[in-house]
> 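Take this structure, written in structure tokens, and hold onto it; I'll ask about it next.
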There are 2 protein chains.
Amino acid sequence: MDNRHNIVNLKTYQASCTNCNLKDFCLASHLDVMELEQFERIVERSQPLQRGQHLYRQSDKFHNIYIVKSGSIKNYITMQDGAECIFGFYLPGELLALDSIAKGEYASSAIAQQTTYICKIPYPSFERLCQQIPHLQEKLFQIAASKIAEAYNRQLLLAQRNSEERFAVFLLNQSDQIGKNGYSKNVFYLSMARQDIANYLGLACETISRLFTRFNNEGILQVKKKLIRIRDQKRLMAIASPTGLYPVQTAYRSELNSES
Amino acid sequence: MDNRHNIVNLKTYQASCTNCNLKDFCLASHLDVMELEQFERIVERSQPLQRGQHLYRQSDKFHNIYIVKSGSIKNYITMQDGAECIFGFYLPGELLALDSIAKGEYASSAIAQQTTYICKIPYPSFERLCQQIPHLQEKLFQIAASKIAEAYNRQLLLAQRNSEERFAVFLLNQSDQIGKNGYSKNVFYLSMARQDIANYLGLACETISRLFTRFNNEGILQVKKKLIRIRDQKRLMAIASPTGLYPVQTAYRSELNSES
DNA sequence: CGAGTAGTTGATCCGAGTCAATCGTCGTGG
DNA sequence: CCACGACGATTGACTCGGATCAACTACTCG
């Protein structure tokens, strides 16, 4: 139900990179025809994950990195007391498990929030391929670098911004990401529970609930459960960066995709 | 006031990687003799930075990545209203400016907190060298991956832990890092101001001050301005991870749905 | 239908921010 | 050599944002 907007048709999981609608956004972008063919030889696709299925779990042996093809993935860790901490929500085009390369085992867990198609890239083959395709190495460096920059921005968010600012930034990021995939930036489904948004933003779920209510009453949003409509983007952006974030704010989100 | 030109190429600091005391920690570790020689050919060393000098500034054109050889570097950004946000303190052996690779310009600023020696690595040469030395590429992937994992941990810290927990984690991290460089893990100088610690941890400097006082009174620390002595490491560790940070979690914890 | 779960709303409390006063140290100049 | 001002650190008093606790509502699913 709440997946209607994000699902792609069933045949896509057989499709090649060449005619994938994400080919300009993902790891394989900027490769020429020959290189793409080589790349494609190491990519594996399989049956989609269903909601609640894990792609990998923390402390599993590390083998692959993954790209989300459609659907969405929640990335988190579980602590000893059972509490979880959510590091991110991955939408189509994004690369998963980069944080796990150094350790030999997955540093976090990844679970599908809805029916989700995945491209699987065995890491050793990939590393070897990077030796043959400088573009590919370069691209991974760049993606890793953006991940670091993005993580820094989130640290800033968590360390210095209050609840409504965090929430506004979150909504705009979601909007952007969803927009990148060709859907409406103003009307979209949030695939995650309130509790997960709260956890991700370092807040209590009651706080998120109150913010939804308030933004709804103030005419900034129109909220119907998980269906969100942004009614006043200007105001939302003003809340997200009050005095203005540092110069090129949110640029990191677009650089994977934007042309160079 | 402006130090943009402060990297002067004297060939004076000839200390080679081969007999550098950091060679097992830094980017060049795990290279064989031949590879190390190639690597060394692209590394540049120059006069040390003095306290308050910038290594680079945010939005400068991106050219190099850097390794701290001795001293320490503060990494931060400045926001439009002049407020700053500190992302990290870099001690010897650490690699700087990874977050800037994707953008073509430095995403943050780096300033010396004391007299600091630096190894400078022109990024284009480095990228080319990675094509010839698989180990080097692998190493950079790993360092980038650890940076991401580290950033995730800090997000967890900022999102979910209270002031004394953050502070304890910070002290232990400092202790570890300093210990890695062969100094005492229990008695050390903090090179940064209280305000900077506070900023880094997302707290007010008064809070940090109170924590120093409290930990001192409780016999956990002995504090003399910037000289710190850890008197009760056990207790400090207990504060840093109350129920235990994230675990080597085993799969028996069967939650909602799972298994693929 | 009924039970279980997610979300909302209200009441209360507490940790840490803010404001303000004071102290100590350092560096400068008379 | 001391007086002075500047700045960082400490301490206290007060405030407030958001967590926590506790009902209550509304779906969803069996």
> Out of B:Lys74, B:Lys226, B:Gln113, which residue meets the side chain to side chain donor-acceptor pair (under 3.5 Å) rule with B:Ser191?
B:Gln113
> Taking CZ from B:Phe215 and P from D:dA9, how many angstroms apart are they, rounded to a whole number?
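In whole Å, D:dA9 P and B:Phe215 CZ are 18 Å from each other.
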> Which atom names give the shortest non-hydrogen contact between B:Leu22 and B:Gly93, and what distance separates them?
CD1-N, 3.7 Å
> At under 4.0 Å between heavy atoms, what does B:Ile208 touch on the DNA or RNA strands: base, sugar-phosphate, or nothing?
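The residue B:Ile208 makes no contact with any strand.
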> Determine: side-chain N/O of B:Lys224 to OP1/OP2 of D:dA9, distance under 4.0 Å, yes or no.
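For B:Lys224, the contact criterion (side-chain N or O under 4.0 Å from OP1 or OP2 of D:dA9) is not met.
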> Less than 3.5 Å between a donor and an acceptor, one on the side chain of A:Glu206 and one on the base of D:dC21, is that the case here?
yes
> Can you measure B:Lys226 atom NZ to D:dG8 atom C1' for me and round it to whole angstrom units?
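B:Lys226 atom NZ is separated from D:dG8 atom C1' by 9 Å.
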> Nearest heavy atom decides the nucleotide; on that basis, is B:Arg210 or B:Met192 closer to the 5' end of DNA chain D?
B:Met192
> Nearest whole Å is fine: how far is D:dG17 C1' from A:Leu211 CG?
11 Å
> Between atom CD in A:Gln195 and atom C1' in C:dT8, what is the gap in whole Å?
14 Å
> Name the closest nucleotide to the A:Leu203 side chain, picking from D:dA19, C:dC26, C:dA16.
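In terms of side-chain proximity for A:Leu203, the closest of D:dA19, C:dC26, C:dA16 is D:dA19.
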> May I ask you to verify if any side-chain N or O of A:Thr207 is less than 4.0 angstrom from the OP1 or OP2 atom of D:dG17?
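Looking at the OP1 and OP2 atoms of D:dG17, neither is under 4.0 Å from any side-chain N or O of A:Thr207.
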> Would you kindly give the CZ-to-C1' distance between B:Arg214 and D:dT11, to the nearest whole Å?
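Those two atoms, CZ and C1', are 15 Å apart.
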> Return the minimal non-hydrogen interatomic distance between A:Ser108 and A:Phe87, and the atom names on each side.
CB-CD1, 4.5 Å
> By nearest atom, which of the nucleotides D:dA9, C:dT25, D:dT10 is closest to the B:Ala193 side chain?
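Minimum distance to the B:Ala193 side chain belongs to D:dA9.
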> What distance separates A:Arg214 CZ from A:Asn216 CG, expressed to the nearest 0.5 Å?
12.0 Å
> Specify the separation, in whole Å, of atom CG of B:Asn162 and atom P of C:dG17.
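Computing the B:Asn162:CG to C:dG17:P distance gives 11 Å.
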> Please give, in whole Å, the distance from D:dT11 C1' to B:Phe212 CZ?
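Taking CZ of B:Phe212 and C1' of D:dT11, I get 16 Å after rounding.
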> Just by distance, no angles: are the side chains of B:Glu105 and B:Ser100 close enough, under 3.5 Å, to form a donor-acceptor pair?
no
> For a quick check of understanding: with a heavy-atom distance under 4.0 Å over all strands, which category does A:Ser163 fall into, base, sugar-phosphate or nothing?
sugar-phosphate
> Nearest of D:dA19, C:dT8, D:dC27 to any side-chain atom of A:Ser209?
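Within the option list, the nearest is C:dT8.
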> Rounded to the nearest angstrom, tell me the gap between atom CG in A:Asn199 and atom C1' in C:dG7.
16 Å
